[in-house]
Amino acid sequence: MKFLVFGLVCLGLALAEEPFHYDGYKVYQIVPRTEEEAYYLKALTEEPGFDFWAYPRALNATVTVMVPPDVQVGFENDLEAKNMHFEVLINDVESTIRDEDTRQRMSRSAARGSVSFTYYMRYNEIVSYLTTIADTYPSIARLIVIGHSYEGRAIVALRISRGTGSNRPEILVDAGIHAREWIAPPVALYLINQLVENTANAYLSQDVDWVIIPSLNPDGYEYTHTNTRLWRKTRTPNTLCYGVDPNRNFDYYWMVAGASSSQCSEIYAGPRAFSESETQALRDYLHANSQRIKLYLTFHSYGNYLLYPWGYTSALPANNEELYALGVRVNDAIRAVAGTTYSIGTSTNLLYAAAGGSDDYAKGAAGVELAYCIELPGGGNVGFNPPATSIWPIVQETWEGIKAYHDYIRDKYA
Ligand code: 0X9
Ligand code: ZN
C-alpha cells in the first residue's frame, strides 16, 4: 500500500505541469494611424502567440499586445517596414509577474471561511467564504451550485434575499469568466460581504434579490495561480491546445465576429456553441430564472468600460437610450468616490465586435433587457495584475456603482 501511494505521488508529480514563465515576453503599445495599420493589427489578433491586452478598436486608439520572444524580431521588423511607431510597455513580463507574486505571498492573511481584500483569494477560499456566509445567515443567504467546471470544480453562487414572495426582481452578477482578470472576483466578494455582513446595507436586498457567482471559470482561475498567470480560457483539452474562450462560446450569433476557430487562439470560440460546462451552467441558470432577472452584470478587466449589447453587431439595441442613461448614473456614482471614470457604450461600437459573449446571450436569448459587461480598471504596468493594494480602492468605488444599479432596478421593478 505504501508503495502504491508512493508510486501514485510520483506519477502525480511527474504529470504535474511545470509553471509557465514569461521570460523575455514583451508588451508593445502601438497606435494605428491609418486603415492599413489597423488592418495589419487586426489580422494579428487571429495569430496564436499574439496576446492582445487591448484589441485594435479604432484609429488612434492604443493597442496593447504581449509578444513571445521568438517572434519579436519579425514583429518589430514588420512595424518598422510599415513605418509604424511602437513603444515597449513591458520589457520582461516575467519579472513584473514575479514582483507582484512575491508581494502577494507576503500579504496573505485571511482566516478560513472569511474574506480578504488584501490579496487574491484562491478558489477554495472563495467557496469556503460563501459556505460560511450561507451557514451563518441562513435566512438571508443560500448557496447554489449552478454546475461544474471541466475539471469538476463546483461553480458556486450565493443567492441573497431579505424578502418573501417569488415575484421579486433579481440582479445576476458573475465574475471571473476570464481566468486572468483577477480583480473581478473580489468585486463580487465585496458585494456579498456588504450585502450580507453590513447591516447598514440591509435595504439593498429588501426589494431586490441578488445571485452572485464570484468564479465562473474556476479551472482557469486556479491555473493562473499554479501555472500560467495570464491564462484566459477554460481548461478543456482540445487536440492542439487547451481551453476555449468562454466569452465567445455562448450561442447567440456564435462565431459571427471577433472570435476564432483555431484552438490555440486566445479567442477560440470552441468546437461548437456551449461546448463548455461553465457556459452551460450560466445558460441553464439564466433560462431557469429569466422571468425574474432584470439586470445581468458580468465583471471583467481591464480598461474602464461599461459595455452593453450588442457585441456581435454595431447595430444598437432597442433600449440603447436606457442602457446608456443607466451607465451614466453608474459612472457618476463611481466617479464620486475617487475620480475614476468609465466609457459607456455598446461592445462593438466602443471596443470591438466579438460574438458569443454572455452579455449578448443574457439579453438576446434569455430576454434580460439590461445587461452590462464591466471592464474594471487595470493596474500596475501589467493590466491584468493590479497589485493587491489596489483591491480595496477598486472594490469600494465599484460598490458605489453597483448600488446605483440596484436603485434603478428597485425603482423600476419592485
Ligand atoms: O473580449 C471580451 O470578451 C471582453 N473583453 S476582455 O478584455 N475582458 O476579454 C469584452 C466583451 C464584451 N461583450 C461582448 N463582446 N459580447
Ligand atoms: Zn474578460
Side-chain angles (χ1 to χ4, degrees), residues 27 42 45-46 50-57 61-66 174-185 187-188 213 215-217 220-221 224 230-234 243-260 265-270 273 276 278-279 282-283 286 296-317 323 327 342-366 368 370-379 382-386:
V27 176
K42 277 202 180 121
T45 62
E46 286 269 338
F50 286 81
D51 184 354
F52 282 81
W53 293 7
Y55 276 80
R57 52 186 182 93
T62 305
V63 172
T64 309
V65 58
M66 178 170 75
D174 68 41
I177 189 169
H178 284 146
R180 64 192 178 185
E181 298 166 8
W182 278 11
I183 193 63
V187 165
I213 309 162
S215 184
L216 192 55
N217 173 11
Y221 182 67
T224 62
L230 296 172
W231 191 260
R232 166 182 168 95
K233 302 187 282 182
T234 60
V244 165
D245 182 346
N247 215 33
R248 300 290 181 280
N249 193 238
F250 287 79
D251 197 7
Y252 194 69
Y253 293 93
W254 182 72
M255 273 296 287
V256 304
S260 170
S265 161
E266 293 292 347
I267 49 170
Y268 176 43
E276 305 306 285
E278 295 82 357
T279 57
L282 188 65
R283 171 198 65 192
L286 276 167
Y296 169 62
L297 305 177
T298 179
F299 283 97
H300 287 247
S301 75
Y302 63 93
N304 296 47
Y305 296 106
L306 290 172
L307 303 171
Y308 55 82
W310 305 110
Y312 77 95
T313 172
S314 59
L316 299 177
L323 283 159
Y342 280 74
S343 309
I344 309 157
T346 81
S347 297
T348 304
N349 293 306
L350 205 54
L351 209 56
Y352 43 77
S358 65
D359 45 4
D360 276 17
Y361 189 83
K363 182 168 171 61
V368 180
L370 303 170
Y372 293 83
C373 168
I374 300 170
E375 298 277 2
L376 294 160
V382 183
F384 296 108
N385 211 14

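One-based numbering, in listed order, for ligands and for the atoms of each. For this chain, numbers begin at 1 and follow the sequence in order.
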Review point. Checking side-chain hydrogen bond (donor to acceptor under 3.5 Å, both in side chains) against Arg180, which of Asn217, Asp51, Thr224 comes through?
Key: Asp51
Check each atom of ligand 1 against the heavy atoms of [X] and keep those under 4.0 Å away; list them by number with element.
| X | answer |
| --- | --- |
| Arg232 | 1 (O), 2 (C), 3 (O), 6 (S), 9 (O) |
| Asn247 | 2 (C), 3 (O), 11 (C) |
| Asp360 | 16 (N) |
| Ser301 | 7 (O), 8 (N) |
| His300 | 8 (N) |

**Study point:** Atoms of protein origin (N, O or S) under 2.8 Å from the Zn ion (ligand 2)
**Key:** His178 ND1, Glu181 OE1, Glu181 OE2, His300 ND1
Let me have the donor-acceptor pairs involving side chains of residues 308-317, under 3.5 Å, with sequence neighbours excluded, atom names and distances please.
{"from": "Tyr308", "atom 1": "OH", "to": "Asn320", "atom 2": "OD1", "distance (Å)": "2.7"}
{"from": "Thr313", "atom 1": "OG1", "to": "Ala315", "atom 2": "N", "distance (Å)": "3.0"}

Under a 4.0 Å heavy-atom limit, does [X] contact ligand 1 with its side chain, its backbone, both, or neither?
| X | answer |
| --- | --- |
| Ser358 | neither |
| Trp310 | neither |
| Ala354 | both |

Protein contact of [atom] - nearest heavy atom, named by residue and atom, plus distance:
| atom | answer |
| --- | --- |
| atom 12 (C) of ligand 1 | Ser347 OG, 3.3 Å |
| atom 1 (O) of ligand 1 | Tyr352 OH, 2.6 Å |
| atom 13 (N) of ligand 1 | Asp359 OD2, 2.9 Å |

Check your understanding: Who are the side-chain hydrogen bond (donor to acceptor under 3.5 Å, both in side chains) partners of Ser215, not counting sequence neighbours?
Key -> none
Exercise for review: Using a 4.5 Å cut-off on heavy atoms from C-beta on, say whether the side chain of Tyr305 contacts that of Leu351.
Suggested key: yes
Side-chain donor or acceptor of [X] paired with backbone N/O of [Y] under 3.5 Å:
| X | Y | result |
| --- | --- | --- |
| Tyr372 | Leu323 | yes |
| Lys233 | Ser265 | yes |
| Trp254 | Gly270 | no |

Tell me the closest heavy-atom pair linking [X] and [Y], and the distance in Å.
| X | Y | result |
| --- | --- | --- |
| Glu266 | Arg232 | O-NE, 3.2 Å |
| Asp245 | Asn247 | OD1-N, 2.8 Å |
| Arg248 | Ala355 | CD-O, 3.4 Å |
| Phe52 | Tyr55 | O-CE1, 3.7 Å |

Review point. Residues two or more places apart in sequence or in another chain: which of them pass salt bridge (Lys or Arg N to Asp or Glu O under 4.0 Å) with Arg283?
Key: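 Counting only residues at least two positions away or on another chain, Arg283 forms no salt bridge (Lys or Arg N to Asp or Glu O under 4.0 Å).
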Check your understanding: Less than 3.5 Å between some nitrogen or oxygen of Asp245 and one of ligand 1, yes or no?
Key -> no
Exercise for review: State whether the shortest distance between N or O atoms of Glu375 and N or O atoms of ligand 1 falls below 3.5 angstrom.
Suggested key: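 Such a contact does occur with ligand 1.
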Check your understanding: Is Trp53 in contact with ligand 1, taking contact as a heavy-atom separation below 4.0 Å?
Key ->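 No, that is not the case, since the closest heavy atom of the residue is not under 4.0 Å from the ligand.
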**Study point:** ligand 1 contacted by Gly356 (non-hydrogen, < 4.0 Å)
**Key:** no
Check your understanding: What residue among Trp231, Tyr302, Trp182 forms ring-ring contact (aromatic ring centres under 6.0 Å, His included) with Phe384?
Key ->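 For Phe384, the ring-ring contact (aromatic ring centres under 6.0 Å, His included) test succeeds with only one of Trp231, Tyr302, Trp182, which is Tyr302.
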**Study point:** Value rounded to 0.5 Å, distance of CG in Asn249 from CD in Glu276
**Key:**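 The CG atom of Asn249 sits 5.0 Å away from the CD atom of Glu276.
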Exercise for review: Identify which of Arg248, Arg180, Glu181 has a heavy atom lying nearest to atom 3 (O) of ligand 1.
Suggested key: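 The option holding the nearest heavy atom is Arg248.
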